[in-house]
Amino acid sequence: MVGQMFVRFILLQKRLLKKGGFLLMLCLAPLLSAGVGRLSAEPAGIAVIALYLPEGDEASQEISERLLDGGGVLRYLPCGDGEKARALVDTGEADAAWIFPEDLSKRLEELGNKRRVRPVVTVVERRDSVPLILGREILASAIYPFFSYRVYEGYVRGELGLSEMTDEELRRVYDSVAVEGSLFQMVYPDKTPGEAEDFTYVQAPLRGILAIWLTFVGLSAALWFMRDEERGVYGRLPVTKHLSVSYISGAAYLLDAAVVLLLSCKLAGVFTDWKKEVVCCAVFAACVLAFANLLRMLCRTPRGLSMTFLPLLAAMLALCPVFVNLQYFRAGKLLLPPWYYLQSIHNARYLYEMAAYTAIMVLLSALLQRLQSNRR
């Protein structure tokens, strides 16, 4: 029995590799991943900032290093003067211009000694938007360290009366208590630190898109199986055997698709760990197979199954954490295989839930198969 199933599986693989549509479907994922991987390596950002930082100023040099060498979601266009920065905003080549004064260090020192927060940078924007609001926060965070040191220096020399302390001693004490980097560290439930995944905002939704793609490969496999049934390909088999044959047929599709998904994640730079990726992908493929077959049996006709594709796509894009992770509609999320997969990458609990969900789908399919065969 096992030998016959293996032979049928190999024959199905041979048949699949002759289908141009299936090969095209498999090629879509790596092409998308390669494009995203290349795009993420290019300089890009959610907003373009024209930046004028005068040379020879200590504060300007320090802030320039923070902005230009730190990466991030903004793209900077250094300019030789303030008028050039304004012109880039006027012509639409930049979303905003940050124009620093020639005496930035002096201004920050005066404000630090007086402990006052006042504007020191001229900001020119075409229109207000969420990326530019974020940009202003980035600008403030780049200026703050220089300003905070001046406040600290003035307090130590003035309020504490330690005017005899040298600049080196002041800097050493300040650096010993300064917080470097982020105040918060993101850690996943599996203890993987957030910094382990150095993704850009361009790469972030790719895994979710690939999960939806694999789900549609499974649905397409169920649809092709139904069309084979209509053509009488499985006419000699008893109706009770059709479910097991549909699983074998779908497994042939999803095995190839699962391998492509893993390679695509690796190609796009969103890969984590081989063991974790392979296990999660294998369980996810089995989950999609069970889900697609149950939906096939509920719809009963190729036309009925095809009509579910668009609503399912909308539901998965809205409820699964592809672009956003909604905190509501949990009941709807629990019905969608991609949701379990995307959560399971960093939380083993969802891997077990996905396996349980798969077992429930298989059991419901078997019960529905028995009911349908009894009616015939």
Are the side chains of [X] and [Y] in touch, meaning some heavy atoms are under 4.5 Å apart?
X	Y	answer
Leu351	Met354	yes
Val322	Met316	no
Cys320	Ile212	no
Met361	Cys287	no
Leu51	Phe100	yes
Leu336	Leu312	yes
Arg349	Gln343	no
Lys84	Tyr52	no

Group every Ile, Leu, Val, Met, Phe, Trp and Tyr by side-chain heavy-atom contacts under 4.5 Å, then state whether [X] and [Y] land in the same group.
X	Y	result
Tyr357	Ile360	yes
Leu334	Val283	yes
Tyr352	Val362	no
Val260	Val279	yes
Leu289	Leu298	yes

Aromatic centroids of Phe216 and Phe309 separated by under 6.0 Å
yes
Atom pair CH2/CG of Trp224 and Leu305 - distance to nearest 0.5 Å:
12.0 Å
N/O donor-acceptor pair under 3.5 Å between Ser306 side chain and Pro302 backbone
yes
Closest approach of [X] to [Y] (non-hydrogen atoms, all atoms of both residues):
X	Y	result
Thr308	Gly304	CG2-O, 3.5 Å
Asp95	Val89	O-CG1, 4.5 Å
Thr215	Val288	CA-CG1, 3.8 Å
Ala257	Trp213	O-CZ3, 3.5 Å
Ala221	Gly250	CB-CA, 4.0 Å
Leu262	Glu277	CD2-O, 3.7 Å

Mutual orientation of the aromatic rings belonging to Phe284 and Tyr341 [parallel < 30°, tilted 30-60°, perpendicular > 60°]:
parallel
Given side-chain contact (heavy atoms from CB on, under 4.5 Å), test Glu353 with Asn347 step by step and report yes or no.
CA-CA 10 Å; Glu353 289 186 6; Asn347 195 332; over 6 Å; no
Go through Arg296 and Leu243 one step at a time and tell me if the side-chain contact (heavy atoms from CB on, under 4.5 Å) criterion holds.
CA-CA 10 Å; Arg296 169 186 67 82; Leu243 180 60; 3.9 Å; yes
Is there a donor in the side chain of Ser365 and an acceptor in the side chain of Asn293, or the other way round, less than 3.5 Å apart?
no
